[in-house]
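Below, read A as the first sequence line, B as the second, and so on, with proteins coming before strands; counting in each chain starts at 1. The basis for the numbers below is simple: all heavy atoms, side chains too, and nothing from hydrogens, waters or symmetry mates.
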There are 2 protein chains.
Amino acid sequence: MAVKRDTKNQILDIAEALLQERGFHAFSYQHIASKLGVKNAAIHYHYPSKNDLAVALVARYRRRFSRWSENLAKENAAPWPCFESYIETCRYLIESNKICVLGMMAAEFNTMAEEVQREIQLLQDEVVSYFSDLLKRGQEQGEFSFLGDAAHKALVLTCQLQGAMQFAQVKGSGVYNVVVDQLRAELKPQA
Amino acid sequence: MAVKRDTKNQILDIAEALLQERGFHAFSYQHIASKLGVKNAAIHYHYPSKNDLAVALVARYRRRFSRWSENLAKENAAPWPCFESYIETCRYLIESNKICVLGMMAAEFNTMAEEVQREIQLLQDEVVSYFSDLLKRGQEQGEFSFLGDAAHKALVLTCQLQGAMQFAQVKGSGVYNVVVDQLRAELKPQA
DNA sequence: GTCTATAGCGGGATAGAC
DNA sequence: GTCTATCCCGCTATAGAC
């Protein structure tokens with residue numbers, strides 16, 4: 001039997017899944033507690049207020065994204081595999097009926113405490129700058145082709161993928177495939 | 001003094017604004033009632049359950065979009081002004097700290113009753129097909145240039161704009177301007 | 001059509017035992 | 001670190017008077 005992971009992280013795992021499926025205001029400590037097989041007071045022990053939970057949720061997601069992109073950088077992965085790797089991660093989310101934490105939190109941004117809002121901003125910066133670096137590198141290597149500034153194109157790309165995940169919830173994952181195919185075609189250097 | 005609009009529509013106006021600012025699960029009948037200067041029982045008289053309200057909200061939004069796009073069609077407006085008109089409508093939303101009803105409902109899709117989900121799907125279809133027709137027309141007239149199918153490009157464009165509105169909440173309306181500028185540049189036929 | 005009043009539930013949160 | 005028990009609040013919703 002595997003060693004039981006510490007409760008604090010398990011709570012975040014469950015809360016993250018609920019956030020991505022339902023949004024922050026549509027799940028409760030009771031939901032987490034029952035999935036974890038404890039009482040809701042146990043959740044409050046680890047995250048006294050739901051606001052604390054929100055901060056921890058976004059912060060962990062951001063750290064994880066950070067590590068993920070740093071690893072890709074270390075491996076010196078080529079532009080297209082880097083791009084496809086992100087695409088695949090999103091596809092996995094969609095198939096579990098989830099959307100990106102960033103997209104959900106962006107939609108719910110106005111209802112979040114300032115502390116959470118700052119975390120969301122940092123997360124957004126990080127995702128956009130990942131794509132910005134990737135696009136720049138790909139352009140230099142002749143792998144990607146696009147108009148204008150890499151930073152601007154990166155912002156558009158991120159918006160597109162966030163929107164695509166949300167639209168895929170509404171009309172099914174076919175929507176996501178269409179969007180991604182179009183993205184690939186538009187990034188490919190023309191013959 | 002202006003004639004008092006009927007309560008039923010005023011409720012929808014207020015609920016729509018709250019939905020766009022905060023999301024469906026982050027406003028209550030009390031919020032609506034106090035803004036309207038009545039008691040919450042009055043809201044329940046017009047919309048017995050919150051689910052009824054959700055259906056009415058999306059349905060009205062869809063009818064309004066329908067009329068809006070039909071009027072543009074009747075006027076035989078040129079492709080670029082049609083495009084810019086939509087862009088401006090979205091800009092106005094952002095400046096009021098709101099996002100599109102479609103974007104919010106797409107994020108919250110999983111928590112909605114089936115009846116509401118069907119309305120959201122119809123709304124999404126309608127928006128995408130508006131852009132699909134527009135892009136096709138613009139391409140035929142040599143005003144727009146893009147790769148692949150107009151219907152596919154329309155889907156991408158809609159995702160982009162929904163994402164841009166959400167990201168503008170997080171980092172300010174500058175984000176929206178960057179995205180829109182990029183979109184314009186990419187649609188313009190190359191010299 | 002709007003009111004007062006209230007039912008009934010579920011939410012976030014805390015105290016204190018174990 | 002988790003439990004039981006409980007508080008208090010806000011929410012959706014309804015009944016019945018006006």
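Annotation for A:G142 and A:P189: closest pair O-CG, 3.4 Å, computed over non-hydrogen atoms. For the residue pair B:V156 and A:V179, the shortest heavy atom distance occurs at CG2-CA, 4.0 Å.
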(request) Test side chain to side chain donor-acceptor pair (under 3.5 Å) on A:E186 and A:Q182 and set out the steps. (result) CA-CA 6 Å; A:E186 292 183 1; A:Q182 185 79 21; 2.9 Å; yes

(request) Might you work through the side chain to side chain contact (heavy atoms under 4.5 Å, CB included) test for A:S66 and A:E70, ending with a clear yes or no? (result) CA-CA 6 Å; A:S66 240; A:E70 278 165 20; 4.2 Å; yes

(request) Let me see the working for B:R22 and A:E108 under salt bridge (Lys or Arg N to Asp or Glu O under 4.0 Å), right down to the final yes or no. (result) CA-CA 6 Å; B:R22 305 180 48 85; A:E108 295 184 298; over 6 Å; no

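The shortest distance between the side-chain N/O atoms of B:T7 and the OP1/OP2 oxygens of C:dG1 is not below 4.0 Å. Close to C:dG1, at under 4.0 Å from its OP1 or OP2, lies a side-chain N or O of B:Y45. Look at B:S49 and you won't find any side-chain N or O under 4.0 angstrom from OP1 or OP2 of D:dT12. For A:Q30 and C:dG12, the shortest distance from a side-chain N or O to OP1 or OP2 is below 4.0 Å.
Listed nucleotides C:dG12, D:dC11, D:dT12 differ in distance to B:H31; the shortest reach to its side chain belongs to D:dC11.
Separating the NE2 atom of B:H44 from the C1' atom of D:dT12 is a distance of 5 Å, rounded to the nearest angstrom. To the nearest angstrom, P of D:dT12 lies 8 Å from CD1 of B:I32. Between the OH atom of B:Y29 and the P atom of C:dC3 there is a distance of 15 Å, rounded to whole Å. In this structure, A:Q10 atom CD and D:dG1 atom P are separated by 13 Å, rounded to whole Å.
Shown for residues 11-28 of chain A: no residue has heavy atoms falling under 4.0 angstrom of DNA chain D. Of the residues in residues 34-43 of chain A, A:V38, A:K39, A:A41, A:A42 come within less than 4.0 Å of DNA chain D through at least one heavy atom, sorted by number.
Remark: of the listed residues B:L36, B:N40, B:L18, B:L18 is the sole one forming a side chain to side chain contact (heavy atoms under 4.5 Å, CB included) with B:H31.
Below 30°, between 30° and 60°, or above 60°: for B:F83 and B:F144 the angle between ring planes is above 60°, a perpendicular geometry.
Taken from CE in A:M104 to CD in B:Q166, the straight-line distance is 9.5 Å, to the nearest 0.5 Å.
Other residues, nucleotides and ligands contribute only 12 or fewer heavy atoms inside 6.0 Å of the CD atom of B:E115.
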